[in-house]
Structures are given as C-alpha cells and as structure tokens.
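Convention: sequence-line order gives letters A, B, ...; per-chain numbering from 1.
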Number of protein chains: 2
Amino acid sequence: MTQDFSLLFAPLSADNTTLQQQLYQRVKRAILDGRFAAGARLPATRQLAKELQVSRNTVINVWTQLQAEGYLISDRQGSRITPVALPRASTASTPAMLPLAQRLNNLHSGHRLSRDDLPLRAGVPALSHFPFAAWRRALNSVLSQTPQRLLGYGDPLGESDLREAIAQHLGMTRGVRCLADQIVITEGTQQALSLCVTLLTNPGDTGWVEDPGYRGAKAALHAGDLSVVPIAVDAQGLAPLDRHWQRSPPKVIYTSPTHQYPTGAVMSAARRLALIARAQQHQAWIIEDDYDGDYHHRGEPIAAMQGMTDNAPVIYLGSFSKTLFPALRIGFMVLPAHLTARLRPALHELLRGGNRLEQQAMARFIRSGDFSRHLSKMRRLYRQRQATLRTELQRLLGEHVQLLGGDSGMHLVLQLSQSDEALAAALWRAGFAPAALSTFYLCEPKQQGLVLGYGNTSTTQIVAGVKQIQRLLDHTSGAGNASE
Amino acid sequence: MTQDFSLLFAPLSADNTTLQQQLYQRVKRAILDGRFAAGARLPATRQLAKELQVSRNTVINVWTQLQAEGYLISDRQGSRITPVALPRASTASTPAMLPLAQRLNNLHSGHRLSRDDLPLRAGVPALSHFPFAAWRRALNSVLSQTPQRLLGYGDPLGESDLREAIAQHLGMTRGVRCLADQIVITEGTQQALSLCVTLLTNPGDTGWVEDPGYRGAKAALHAGDLSVVPIAVDAQGLAPLDRHWQRSPPKVIYTSPTHQYPTGAVMSAARRLALIARAQQHQAWIIEDDYDGDYHHRGEPIAAMQGMTDNAPVIYLGSFSKTLFPALRIGFMVLPAHLTARLRPALHELLRGGNRLEQQAMARFIRSGDFSRHLSKMRRLYRQRQATLRTELQRLLGEHVQLLGGDSGMHLVLQLSQSDEALAAALWRAGFAPAALSTFYLCEPKQQGLVLGYGNTSTTQIVAGVKQIQRLLDHTSGAGNASE
C-alpha cells in the first residue's frame with residue numbers, strides 16, 4: 001500500500017507550542033481526518049526528523065505517544081496506522097439531536113440572571129454588614145492549625161464539629177429536638193431538597209408545594225419526576241382542603257411554616273399540629289423549610305414543627321445563606337432520629353461531605369459566639385429596615401396600602417390591584433429588583449404584588465425604591481386616566 | 001368550662017433559662033400534652049404574675065408569643081386555649097414506619113467509613129505535599145480584596161473566572177475543546193454524575209457502567225432509577241459486545257477511558273472512536289470521567305474523548321479532588337457546545353453556583369502557575385512512589401507478580417489467585433487500606449486482587465505495606481500447607 005505522507009514533511013512553525021506538540025497534533029489530526037489509510041507504514045523516524053530539522057527523539061516521542069493512544073502499531077519495521085473507526089457523518093447524530101430528560105420541560109427558570117446587588121431584591125442578607133473580619137479569623141484559625149487531616153475525604157454527612165454546633169443552636173433557638181447524628185450538612189437548601197426527593201419518593205409520587213411558593217422546591221420535586229400539586233396558602237400558611245387529602249394524597253409536603261415564602265404567613269400551632277396528624281394518617285413526609293426563622297421580629301422565634309410532637313414525620317431544612325452569606329453554600333437537613341441509621345448507607349453513596357475547612361470555620365464561628373452576635377445585630381437592622389419600608393410605603397402610597405408578612409425574615413409583600421410583571425420589569429430597568437408576586441403561583445387566581453426585599457437594601461435605597469414604585473404607579477394610573 | 005390551672009402556678013426555677021422562657025415552655029407543653037381543654041380561659045396575667053413573682057410584662061410577652069404561634073386566642077376578657085388537633089397515638093405512624101424510596105435498595109454502601117489517612121488507600125493524593133502556603137495565599141488574596149461582591153448568589157454555573165481558567169487548562173493539557181461557557185462547576189464528580197442523570201435520562205432508561213467500575217457512578221445511575229447494565233472491561237477498557245448494543249442499548253454510558261477505575265486500562269484511540277460512533281448511532285450519551293488524567297506517567301497525557309471528533313456526544317467530567325485535595329469539593333462538567341443554551345434553564349433551577357470565594361481562589365491558583373507547578377511535582381512524586389511499589393512487590397512476591405495499570409494516576413492493581421476480601425480486611429486491621437478488587441464488580445467472574453493506592457503513601461509506608469501483604473499471603477499459603 002502506498003500512501004502520500006507529504007503533509008508530514010511541511011515545515012513546523014516557531015510558535016508557542018513545542019515542535020513535539022505540533023508534530024503530534026499534525027499526525028493525529030491527519031489520522032482522525034482519514035487522510036492516511038489504515039495499515040499504511042509511516043516514514044522512518046530518522047528521515048522525518050532530518051526533513052523537519054528536529055531531533056530524532058522528538059519524532060520517536062510522538063510515535064510512542066500515538067502508539068499509547070492506539071493510533072499507531074509499532075514493530076521492528078517501523079510504525080503503521082491502526083484501523084480507526086471514524087464516525088460516518090451520514091449516520092452520526094450531533095449532540096443537539098440527542099434526546100434529553102423529559103423533566104427538562106418542567107425545569108425552565110423564568111427569572112433573569114441574579115443581580116443580588118440590586119436593592120429590594122428578596123432573599124439576600126445585608127452583605128455589607130457581614131462581619132468579614134471575624135469570619136476570616138475563624139477561617140484562618142482552621143487554615144493555620146495542621147490542616148492536613150482536613151484535606152482528605154471526611155464523613156459524607158459533614159464535619160461532626162459543625163453538626164454538634166448546629167444541633168445545639170437549633171435546640172436553643174428553634175425548638176428543634178435532635179442530636180448531631182441526625183444532621184446532614186448539604187451544599188444548601190437546594191441540595192437538601194433534592195436529597196429528600198431521592199430518599200423519600202419514587203417517580204410519579206405526589207408532592208405538595210405551597211401556592212404561591214418557593215421556586216426551588218418545585219424544581220426539586222420536578223427533578224425527581226414527582227407529580228407536583230399546588231396547595232393554596234392563606235393567612236395561616238399552607239391550607240390543604242379535605243379534597244386534596246382524598247384525591248391527591250401526598251408522599252411529601254413542602255412547607256415554610258415559620259415565614260411562608262413569599263407571602264410571609266405564619267402557620268398557627270393548630271394548623272401545624274393538624275398537618276402533622278394528617279400527614280401521619282396518610283403516611284406522608286413533611287419537608288419543613290426554615291429558611292429565615294432566625295430573623296423573627298415579634299416576640300420569641302416561633303418553634304419549628306420538627307420539635308412539636310414526638311415522632312413528627314418531619315425533615316427540617318436550614319441554611320446559612322440568609323444568616324451568613326449565600327456564596328458560603330452551607331445548609332443542612334435534620335433527619336428523624338429513628339431513620340438516621342436506615343438512610344446513612346444511601347447518604348454515604350450520594351454525598352462526599354462538603355468543604356471541610358469551611359465547615360470547621362463555621363463551627364468555630366458558632367462556638368465563639370460570633371454567630372449569635374451577628375444574628376442579634378442583623379435582627380435589629382432588619383427590623384429598622386422593615387419599619388422604614390412600611391413607613392415609606394404608607395407615606396407615599398397611602399395608609400390603606402396592603403402589606404403581607406413581616407413577622408420574620410427580610411421581605412414584605414405589597415399587594416397590587418394591577419398587573420405586577422410590567423411594574424417589576426420597569427423597576428428592574430430603574431435599578432431595583434423586587435420580584436413579581438404572580439410569578440410564584442402555579443394556579444389561578446394569581447394575586448398581584450411586589451415581593452420587596454429589605455435585607456440587602458439600605459435606608460436610602462428603600463426611600464429611593466418606594467419613590468420609584470410610587471412614580472411608576474402614578475404613571476400607570478395617569479396613563480389610564482389620560483385614555484379615558 | 002372550669003379548668004385546673006394549678007400547674008401554671010408552680011414556682012419557676014432559678015436556672016439558666018429566663019423566667020419568660022420557662023413559663024412559655026410550661027404553658028406550651030401543657031397545651032400540647034392536652035392538659036388544658038380547648039376553649040379554657042387562662043388565669044388573668046396580673047394574678048399569675050403576682051403568684052409567680054415575675055413582672056406582668058413577662059406573662060404578657062408569653063401570652064403574645066403563644067398567640068402568635070396560634071396556641072391562644074386573646075380578646076378583651078383575656079386569653080383562651082385554641083383547639084389544637086393533637087395527633088392521636090393510635091392512628092399515628094412513626095417516621096420509622098413511613099415508606100421510603102424504592103431506590104434505597106440499590107444504594108447500600110459496602111465500604112467502611114473513610115479513613116483516608118491509612119496508607120495504600122486508593123484515590124487520595126499526597127496530602128502532606130499539598131502546597132498549603134500557596135493555597136492560603138490565593139485564598140487570602142481573595143478574602144482581602146473587597147469580597148462583598150462575592151458574598152451573594154453568583155452565576156448558578158459557577159464563577160466565570162474559574163471556568164475560563166479550567167477551559168484553558170483543559171485545552172492545553174487534555175485536548176478538551178471547549179469554551180468557558182460550556183463548563184459547569186459542581187461540588188465534585190458525584191454531583192456532576194447526578195446532574196448528567198437528571199438532565200439526560202428518564203427513569204427506566206438503560207445506563208452502562210464499567211465492570212469492575214467506580215461505585216459512585218453506579219450510585220448516581222441508581223439514584224436516577226436507571227436500569228444499570230454492567231459492561232466488562234478488558235486491557236483496553238470498556239468492551240461492549242454487539243449483543244449489548246442490540247439487547248440493552250444505552251441512554252448513557254459511563255466510562256473512565258484515560259485510566260479505567262480500578263483496573264488502570266487505557267482505552268485505545270480505535271476503541272474510543274468506535275464507542276463514539278456507536279453511541280451516535282444509538283443516540284446515547286457518553287459520560288467521560290477523567291478523574292486522574294492529569295497524572296499521566298508515560299509520554300504526553302492521552303487526549304480526552306471529548307476533543308477527538310466534532311460533535312462527540314460526550315459530557316466530560318473532571319475534579320480537583322485528586323489534583324488539589326478531596327475536601328475542596330470542586331469539580332466540573334463540560335457540556336457539548338450546542339447543548340449549553342438548551343440546558344442552562346434547568347441548570348439555573350437546580351444549581352446555586354457553589355462557594356464563590358474558593359472558586360476565585362482556585363482561579364488565581366491556576367493563573368499564577370501554582371497549579372501547574374504542583375501537578376509537575378506530584379507527577380514526579382507519584383512516578384517514584386509507583387516505581388517503589390512495583391519494585392517492592394516484585395522483590396517480595398516474585399518477578400511473576402501480576403500488576404495492572406500504572407500508565408496514569410495513583411494506584412496499581414495486584415492480581416491475586418485467592419479471595420481478596422479477607423486479605424483486605426486483615427490489612428485494614430494492620431493499618432493499611434487497599435481495596436479488594438472483587439468489590440468493584442457487579443458480575444461474575446469477579447477477579448480477585450488488591451487496589452493499591454500510592455498517592456498518599458510514603459516510601460516507608462509502601463515498604464511496610466508490601467511486607468505486610470507478603471506476610472499475610474505467606475500465612476495463608478502456610479496455613480494451607482499445614483492442613484494438607
């Protein structure tokens with residue numbers, strides 16, 4: 001078999017890549033492109049080296065490499081091209097043509113790329129008030145103390161020091177009754193939700209979500225191929241009717257009882273206990289998302305469902321995204337005591353324990369009291385900011401302005417009688433990022449409103465933001481009047 | 001309705017909790033335990049305060065709190081207990097009785113809690129050689145430079161600086177052709193595998209895994225309810241037969257072509273291209289796990305399948321667990337170019353971007369050249385350690401000792417003719433942690449052997465470990481001889 005190898009002999013360039021790299025790429029590309037026939041014997045290394053003005057070792061190294069990768073076979077007579085089965089263009093499908101998961105149809109984010117530096121955005125804590133010096137101190141004290149033992153794989157459920165600290169904090173502040181053993185550290189609430197779905201449900205099971213409700217919960221249930229049933233929320237939170245229990249009995253129920261997201265409703269004790277009782281009757285799990293329960297603004301914080309009764313079928317989820325900062329990506333779930341041993345083998349298969357150095361720093365940050373001090377300061381700050389927001393809204397929009405929530409957390413809902421999406425978009429263009437309430441609904445009728453975050457929004461920004469809202473509302477009603 | 005409230009009047013103790021906390025807990029427990037009837041009117045605050053010797057405000061605060069939580073209703077006449085629906089013990093099921101996901105039956109980890117400080121454990125890099133000073137420098141340079149903008153939620157796909165740095169590194173060292181846009185930062189390979197399953201497959205689809213193969217891949221496919229089909233591995237890696245393609249056509253194929261885990265087989269170029277071609281014909285996805293491709297010990301590193309042909313249906317997975325340290329928990333996946341836009345909405349719903357400060361530090365660590373320098377040093381170290389391991393095994397177990405792998409990575413496989421699990425257990429008791437080869441198999445016949453990690457094992461430990469292996473093997477054959 002004769003073969004034209006002239007392309008191999010073209011001069012190599014003097015650019016950044018080494019001569020060896022260039023020759024390697026040249027031969028490999030030619031083989032992959034089918035320009036050399038299978039079985040063709042390559043020119044002798046000595047001859048090629050001479051022509052290319054490189055050392056013979058350079059050519060030999062390239063041949064050795066191509067042989068290791070299976071492109072060449074070498075024997076005493078030299079090297080031959082191996083038969084390489086190239087995908088035929090006619091039958092080959094491109095990745096864009098390949099089928100994807102059906103569930104992608106349910107996983108379409110409606111919102112813009114996050115701009116959490118914009119004022120009035122909900123769910124972002126006061127980033128400029130984070131005690132970064134104290135945090136660096138905690139982190140550096142971990143980094144400076146023989147960190148080698150913390151570099152390898154740790155407990156898949158997370159650092160036991162942090163789990164101890166969280167169990168203690170939860171017991172004292174949230175009424176959660178658990179041992180460190182029941183706590184699983186996660187990358188945040190989203191991973192915890194996904195784990196709940198993986199551990200507790202089968203595809204096709206029914207999962208209840210709050211309507212309006214947290215988008216991430218719907219995504220997690222959809223990702224597990226659950227049948228997602230929206231349950232309306234009233235002034236006391238999730239309000240399932242008898243027909244829901246009868247016609248769409250749930251396998252899991254997602255709820256945020258302490259401060260319903262986004263309406264801010266607080267679920268009453270009676271409603272909580274009734275939900276636990278019916279869940280037990282229907283053998284359903286409750287996923288209790290306590291995303292901002294540390295920021296209760298009236299009286300003592302309301303205790304979690306998890307600790308209300310013995311044997312509550314509750315998985316409690318918490319996160320440091322709102323209490324420290326979102327980019328930390330540390331959250332946790334609390335498993336029921338009697339289930340921990342049964343779930344641990346699966347958790348060992350699915351988890352790798354998270355970033356151990358950050359977790360150790362977090363444990364120190366809690367134990368040193370820095371965490372509690374920060375929480376107290378933020379509670380005061382958020383109360384002030386909420387008061388300013390209320391005052392400004394009432395001052396500019398009138399005493400009769402309809403506001404929801406405020407017992408906890410970092411946002412208020414302003415109810416509107418007009419469409420909220422256009423207003424939210426106009427505010428976005430003006431540099432403010434409240435969310436449109438209607439986008440949190442799955443079912444009609446969708447209430448219209450603005451979810452106004454005050455966590456990461458200064459007093460000046462609150463004043464400017466409310467003024468902007470008033471201007472846009474006036475403009476709309478003005479336009480309406482003009483067209484009459 | 002008359003009600004005995006005497007338990008309320010018992011003196012409060014002078015312990016650590018505040019009087020208010022004690023009273024709150026006392027009333028709430030009594031209500032939850034059903035000791036006060038619904039509708040019963042509580043004693044007047046003034047009277048109770050006087051009896052308990054606390055200020056009236058203390059009692060009022062407790063009443064307000066219990067009212068907020070829904071335990072009390074207050075009117076002008078005072079406060080009444082609300083009807084609280086307590087779960088009836090007879091019908092209530094405990095969490096231990098509730099049904100869990102069926103897939104848990106496939107998610108049972110066979111291995112002990114990780115002790116990655118033990119010598120001969122596979123998959124752990126040389127922790128004591130990690131350039132911690134350089135890493136702290138990178139991290140502190142991020143922490144000291146206006147970190148506020150990095151505290152909030154970032155791009156759900158990860159920091160663009162890191163994605164740029166990874167794309168460049170992959171192009172230069174692994175032959176991966178991609179833009180930063182195609183890269184998704186994950187918490188590690190396990191999360192990347194789980195994402196592949198969520199994005200590409202439906203429950204009941206067929207997923208191929210290597211046999212023997214990586215346990216985490218099987219777990220990820222099982223967690224997505226795939227039908228897991230083991231495909232035998234030969235000296236060139238994954239070796240599917242025609243009958244596999246015909247009878248169990250895959251939706252996804254998991255493979256580690258550069259250094260098959262655990263056998264160390266290198267997939268030839270011909271086999272790679274054939275696999276790509278057949279995957280395209282069958283509209284299947286290939287998940288290429290390049291877990292230790294940066295540590296190639298012979299010639300140039302073998303280029304990844306991802307960059308071999310245009311339009312290869314390949315998702316490439318990489319991780320910094322082996323190149324930096326496992327507890328960092330940073331990995332990544334490379335999506336096909338034409339698919340990135342289509343998958344982004346779902347990824348935005350499922351991901352929250354990871355720890356931004358660590359990602360920025362990682363980007364600096366790569367750009368400063370510290371990463372490349374570390375890789376070069378580790379390559380030399382691992383080559384020396386592998387050579388020592390080979391020499392010792394041949395010296396003590398004989399020239400004819402059967403070893404697999406070694407072209408890449410941080411482990412060798414010692415083939416055995418006797419059962420490996422008892423030997424591995426005995427070595428564990430002696431303080432060494434090689435894995436038993438047979439435990440990586442799903443199908444018979446299971447080859448027996450030891451997976452000997454040399455990454456985190458010093459020369460002295462290697463010498464001691466091989467001596468221990470020899471002793472245990474001698475003991476076994478000695479015992480065998482004695483019983484003849």
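- Looking only at heavy-atom pairs under 4.5 Å with chain A, the residue among L328(B), V314(B), N140(B), D407(B) that has the most is N140(B).
- Interface remark: I330(B) contributes no atoms to any contact with chain A (heavy atom separation under 4.5 Å).
- Contacts of V62(B) with chain A are absent, with no heavy-atom separation under 4.5 Å from either backbone or side chain.
- Neither the backbone nor the side chain of T64(B) comes within contact range of chain A, judged by heavy atoms closer than 4.5 Å.
- With a threshold of 4.5 angstrom between heavy atoms, L343(B) approaches chain A through side-chain atoms but not through N, CA, C or O.
- Of the possible polar contacts, none joining the R342(B) side chain to the L100(A) backbone as a donor-acceptor pair under 3.5 Å is found.
- Ranking S128(B), G188(B), P336(B), S321(B) against chain A, the residue ahead of the rest is S128(B), based on heavy-atom pairs under 4.5 Å.
- Judged purely by atom type and a 3.5 angstrom limit, W285(B) has no side-chain atom pairing as donor or acceptor with the backbone of L98(A).
- Looking at Q190(B), the atoms closer than 4.5 Å to chain A (heavy atoms on both sides) all sit in the side chain, from C-beta outward.
- Residues P203(B) and R103(A) meet the side-chain proximity criterion, which asks for heavy atoms closer than 4.5 Å.
- Once rounded to the nearest 0.5 Å, the distance linking CZ of F132(B) with CG of L357(A) reads 5.0 Å.
- Of the atoms belonging to K218(B), not a single heavy atom falls under 4.5 Å from chain A.
- A donor-acceptor pair is defined here as one N or O able to donate and one able to accept, closer than 3.5 Å; such a pair exists between the side chain of N202(A) and the backbone of Q102(B).
- The shortest side-chain heavy-atom distance between F325(A) and Q148(B) does not fall under the 4.5 Å cut-off.
- For the set H338(B), R356(B), M267(B), the entry with the most heavy-atom pairs within less than 4.5 Å of chain A is R356(B).
- Considering only heavy atoms from C-beta on, R352(A) stays 4.5 Å or farther from E187(B) through its side chain.
- Ranked by heavy-atom pairs shorter than 4.5 Å toward chain A, the options L339(B), L199(B), L104(B), V124(B) are led by L199(B).
- Using a 4.5 Å cut-off between heavy atoms, A220(B) makes no contact with chain A at all.
- Only the side chain of Q191(B) comes within contact range of chain A, judged by heavy atoms closer than 4.5 Å.
- At a 4.5 Å heavy-atom cutoff, the contact between E358(B) and chain A is made by side-chain atoms alone.
- Contact annotation for A337(B): neither backbone nor side-chain heavy atoms come within less than 4.5 Å of a heavy atom of chain A.
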